Structures are given as structure tokens and as C-alpha cells.
Amino acid sequence: EAAPRLSTRAAARRGRGRRAPPAAAYNEAMISRPTSAFAPVCPTAVLRDVEHAAVGAPLMERAGAAAAAVAQRMTGAGGGRVLVLAGPGNNGGDAFVVSRLLAAAFHEVTVVFAADPARLPPDAAVAHAAWRAAGGTTVAAIPPGWRGELVVDGLFGIGVARPPAEPYAAQIAFANAGATPVFADI
């Protein structure tokens with residue numbers, strides 16, 4: 001006898017359920033063979049519900065702080081040069097939080113942001129404003145000859161459903177082509 005089907009939320013809570021169709025892989029690390037350690041925890045629809053329920057809460061600040069802590073461990077105790085690729089959505093907002101916290105920890109941070117700040121989602125706009133208020137600036141393209149200790153990929157997250165267009169495709173190609181470690185804040 002077949003077990004009764006669970007709702008998406010119930011299946012996610014129990015750790016079972018159908019896997020969501022794969023999102024477009026744009027980062028070389030995303031294409032690697034999946035292991036059980038990297039299996040999705042929740043379907044995209046459930047993650048969207050969580051995000052919408054947390055609007056206005058410090059979720060982005062907490063996510064950015066956790067990502068900044070990982071980035072700091074990756075660059076070592078002495079700081080270093082970090083290139084942050086900030087996207088046009090909430091993942092870009094996380095990238096602004098990461099940038100602000102890394103700069104406060106004496107990293108030399110270059111933020112590439114090619115989108116219109118006026119079109120950022122509310123929480124990402126707050127993170128962008130906090131980055132700017134802390135003295136942060138953005139550039140529209142990766143500086144020629146940039147070299148450093150880490151690239152932070154804050155371009156796209158769960159919402160990516162198609163291959164990225166320019167200028168994001170060029171940013172991704174740069175990150176994938178280099179020898180610099182890439183940390184993806186997805």
C-alpha cells in the first residue's frame with residue numbers, strides 16, 4: 001500500500017519529498033557532481049515562503065554575517081583583497097552585508113554592482129544603503145587586472161531560472177576562469 005503524499009511543507013519538514021527541478025547552473029562549482037552533503041534542504045517554493053515571512057526581520061543581516069565569517073576564514077587573519085559580485089535581488093543584499101562586514105574587518109573590498117539600486121527588493125535596498133552609509137562604493141564592472149584572495153558570488157540565489165545575461169555572464173566567467181577561490185553566497 002502506498003504511503004499518503006505529504007504537502008510540500010510537510011515533506012520539507014520531514015526531509016522527504018520531490019526534488020525541485022534544477023535551477024540553471026551558472027557557477028562551475030554548481031555543475032560538479034552532487035553529493036548528499038549538498039542535497040537541497042527545501043524546495044524553492046518553501047524557501048520563498050520563508051523569505052516572504054521574514055521581510056523586515058534581520059534575516060539578511062544574519063545571513064550576511066554568517067557568510068562574512070566564512071569569507072574571513074577563507075582569506076585568513078590578515079584581511080586581504082576581496083571582490084564581491086552583488087546581484088540585483090536579495091542575494092545582492094546579502095553581498096552588501098558581507099561587503100560591509102569584511103570592510104569593517106580591514107579587508108580591501110571591491111563591490112561590483114551593475115543593477116539599478118532603485119529596483120532592489122526592500123531588504124536588499126536597506127543593505128545597499130547601509131553599505132553606502134559605511135563609506136562603501138560600487139563599480140559597474142570588474143576592475144581590469146583585479147587580483148585578490150577571494151571572490152564572493154552574491155549574484156543570484158534560489159530565483160535564478162535561466163542562464164544569466166550580460167553583464168552577469170561576464171562576471172561569472174571571470175570568477176570561473178581565475179585561480180582565486182570563489183565563495184558563493186546562495
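All of these numbers come straight from a predicted model, not from anything done at the bench.
Without hydrogens or angle criteria, Q171 side chain to A175 main chain gives no donor-acceptor distance under 3.5 Å. Formation of a donor-acceptor pair under 3.5 Å by the D153 side chain with backbone atoms of A184 is not found in this model.
A pairwise comparison of heavy atoms in V98 and G64 identifies CG2-O, 3.5 Å as the closest pair. For the pair P88 and P121, the tightest heavy-atom approach, listed with the atom from each and the gap, is O-CD, 3.7 Å. Residue G154 comes nearest to A95 through the heavy atom pair CA-CB, 4.0 Å, listed as atom of the first residue, atom of the second, then distance. Taking every heavy atom of both residues into account, M60 and A127 meet most closely at SD-CB, 3.9 Å.
Remark: R81 does not engage E149 in a salt bridge, criterion side-chain N to carboxylate O under 4.0 Å.
Residues V82 and M74 fall within the same hydrophobic cluster, defined by Ile, Leu, Val, Met, Phe, Trp and Tyr side chains chained together at heavy-atom separations under 4.5 Å. Linking ILVMFWY residues whenever their side-chain heavy atoms come closer than 4.5 Å, directly or via other members, places F174 and V182 in the same cluster.
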message: Walk me through whether T180 and R147 qualify under side-chain contact (heavy atoms from CB on, under 4.5 Å).
response: CA-CA 8 Å; T180 305; R147 299 273 186 261; 5.9 Å; no

- request: Show your reasoning for whether side-chain contact (heavy atoms from CB on, under 4.5 Å) applies to T110 and W146.
  value: CA-CA 9 Å; T110 301; W146 183 88; 4.1 Å; yes

- prompt: Between L155 and N91, does a side-chain contact (heavy atoms from CB on, under 4.5 Å) hold up when you go through it step by step?
  reply: CA-CA 6 Å; L155 290 172; N91 226 45; 5.8 Å; no

task: For the pair L85 and I142, evaluate side-chain contact (heavy atoms from CB on, under 4.5 Å) and give the outcome as yes or no after the intermediate values.
output: CA-CA 9 Å; L85 307 175; I142 297 168; 4.2 Å; yes

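Distance CZ/F106 to OG1/T75: 13.5 Å, rounded to 0.5 Å. Considering CG of L120 and CG of N90, their distance stands at 8.5 Å, rounded to 0.5 Å. Distance CZ/F96 to CG/D123: 13.5 Å, rounded to 0.5 Å. Atoms CG and CZ, from L150 and R73 in turn, are 12.0 Å apart once rounded to the nearest 0.5 Å.
Side-chain contact check for V152 versus L83: every heavy-atom pair is 4.5 Å or farther apart. No side-chain heavy atom of P181 sits less than 4.5 Å from a side-chain heavy atom of V151.
Ring geometry for H128 against F113 counts as tilted: the plane angle lies between 30° and 60°, on a 0 to 90° scale.
Results of the side chain to side chain contact (heavy atoms under 4.5 Å, CB included) test with S99 over T137, V111, T138 single out V111 as the only residue that passes.
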